[in-house]
Number of protein chains: 2
Amino acid sequence: MFSKACKYAIKALIYIASRSGDGSNISLRDIAAQIDSPEHFTAKIMQILSKQGIVSSIKGPNGGFYIERNAPAIPLFEVVRAIDGVHHLTGCGLGLKNCSEDQPCPIHREFSEVRNRLLQMLHQSTIQQLAGELTSGQTVLKQMAL
Amino acid sequence: MFSKACKYAIKALIYIASRSGDGSNISLRDIAAQIDSPEHFTAKIMQILSKQGIVSSIKGPNGGFYIERNAPAIPLFEVVRAIDGVHHLTGCGLGLKNCSEDQPCPIHREFSEVRNRLLQMLHQSTIQQLAGELTSGQTVLKQMAL
DNA sequence: GGAATAAAGGATATATTTATCTTTAATTAA
DNA sequence: TTAATTAAAGATAAATATATCCTTTATTCC
Ligand code: FES
Ligand code: FES
């Protein structure tokens, strides 16, 4: 559904949002440890998110990543778009050049219904809201051994 | 959503179902031409589908692939499972080892709702039904230039 | 200014997916 | 029986995604 890079991006942002806002910066090492991701690969992803203005960063000691507490809400859609692009969210499920009602592929009707649900969900859910649920302990970013 | 291999598989099967049943066999070359896919790569996919018993094949002149007209309906789910496996249809959207209500990831609630829709759609839609809509001209397997 | 810290950037390596090419086996028809 | 046809199988190549390593730049603290 989402690439690994995109999964890391979503988890990283939720973690950052849950921890920042009080002026503290979250280091890459901390992020990678908390979301259980390869540190250097995560760095690449953070660079993309940073360039796109989705997250802010500061270099040097006590530096790291942060999201302003009063920053506008970040819909999941923005994150997926930044990392995976929109084609797989809007394109034809069977790979036709254009998804259209005009020349629909065999699964167009059924698929587009599901896809619209997904898009709706990605637009409605925000990093900040999900971060809140993480903070309150309702959700987790990694699982302890069974 | 689906791998290219899986998209080719679905299109190939729908095409075969729409053309076979009268005892005729559909050649690989014909399939690749009709669904606009690389022939040799498509061959690999057909081999998997054949081994899994999802499609039948005959070698030699006039040989090719076919689906019995009175064969049991093939849900899309079977095809996706054969090619892409089930993990991406049942696993956690953020990549946690287990998707569970017990230790849910931040998007579990929202994601699992969408995922269930997708699963429902994959179980309900069958190759044969979609082949019928293709035959009646309601849908297409490739698009003509704009 | 110098040492330490942490992100940014570039280069490389590994794994996986997608695609192509060649050979083999089965079947048909002449 | 021979030639032609077609799927099966194996080997290789190309493209992409994932992961790691090394260097550079900005910042802080002493
Ligand atoms: S044309 Fe394939 S999903 Fe719309
Ligand atoms: S735990 Fe992540 S989708 Fe269920």
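Lettering follows sequence order; numbering is per chain, from 1.
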Side chain B:Gln52, main chain B:Leu49, donor-acceptor under 3.5 Å: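 Such a contact is absent between B:Gln52 side chain and B:Leu49 backbone.
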N/O donor-acceptor pair under 3.5 Å between A:Asn25 side chain and A:Tyr66 backbone: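 Pair absent, no side-chain N/O of A:Asn25 close to backbone of A:Tyr66.
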Please tabulate, for the side chains in residues 71-95 of chain B, all donor-acceptor contacts under 3.5 angstrom to protein atoms that are two or more places apart in sequence or on a different chain.
residue	atom	partner	partner atom	Å
B:Glu78	OE1	B:Arg81	NH2	2.5
B:Glu78	OE2	B:Arg81	NH2	3.3
B:Asp84	OD1	B:Ser3	OG	2.5
B:Asp84	OD2	B:Ser3	N	3.1
B:Asp84	OD2	B:Ser3	OG	3.4
B:Thr90	OG1	B:Val86	O	3.0

hbond_proxy B:Gln47 side chain to D:dA7 base (donor-acceptor, 3.5 Å cutoff):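 It does not, because no donor-acceptor pair links the side chain of B:Gln47 to the base of D:dA7 below 3.5 Å.
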Nearest atoms (heavy-atom pairs only) where A:Leu13 meets A:Ile127: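 Closest approach of A:Leu13 to A:Ile127, heavy atoms only: O-CG2, 3.5 Å.
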OG1-CG distance between B:Thr139 and B:Leu134, expressed to the nearest 0.5 angstrom: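 If I round to the nearest 0.5 Å, the distance is 4.5 Å.
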Interatomic distance, [X] [atom1] vs [N] [atom2] [rounded to whole Å]:
X: B:His87; N: C:dT16; atom1: NE2; atom2: C1'; answer: 16 Å
X: B:Leu28; N: D:dA8; atom1: CG; atom2: P; answer: 9 Å
X: B:Ile26; N: D:dA7; atom1: CD1; atom2: P; answer: 10 Å
X: A:Arg29; N: C:dT5; atom1: CZ; atom2: P; answer: 9 Å

Side chain proximity check, A:Glu39 to A:Leu28, heavy atoms < 4.5 angstrom: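 A side-chain contact exists here, since the closest heavy-atom pair is under 4.5 Å.
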Side-chain heavy-atom pair A:Asp30, A:Tyr15 within 4.5 angstrom cut-off: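 SC-SC contact between A:Asp30 and A:Tyr15 confirmed.
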Sugar-phosphate, base or nothing in reach of B:Lys51, heavy atoms under 4.0 Å: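 Touches sugar-phosphate only.
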Sugar-phosphate, base or nothing in reach of A:Ile48, heavy atoms under 4.0 Å: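 Answer is nothing: A:Ile48 stays at 4.0 Å or more from every strand.
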A:Asp36 with A:Lys11: basic N within carboxylate O range, under 4.0 Å: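 Between A:Lys11 and A:Asp36 there is no salt bridge, as every charged N stays at least 4.0 Å from the carboxylate O atoms.
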B:Ser100 versus B:Asn98, side-chain donor and acceptor atoms under 3.5 Å: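 Per modelled atom types, B:Asn98 and B:Ser100 side chains form no pair under 3.5 Å.
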Distance test, side-chain N/O of A:Ser50 to OP1/OP2 of C:dA7, below 4.0 Å: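 For A:Ser50, the contact criterion (side-chain N or O under 4.0 Å from OP1 or OP2 of C:dA7) is not met.
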Contact letters for nucleotides 11-22 of chain D, in which S counts primed atoms plus P, OP1 and OP2 and B counts the base, heavy atoms under 4.0 Å: B------BBBB-
Per-nucleotide protein contact string for nucleotides 23-30 of chain C (B base, S sugar-phosphate only, - none; heavy atom under 4.0 Å): --BBBBS-
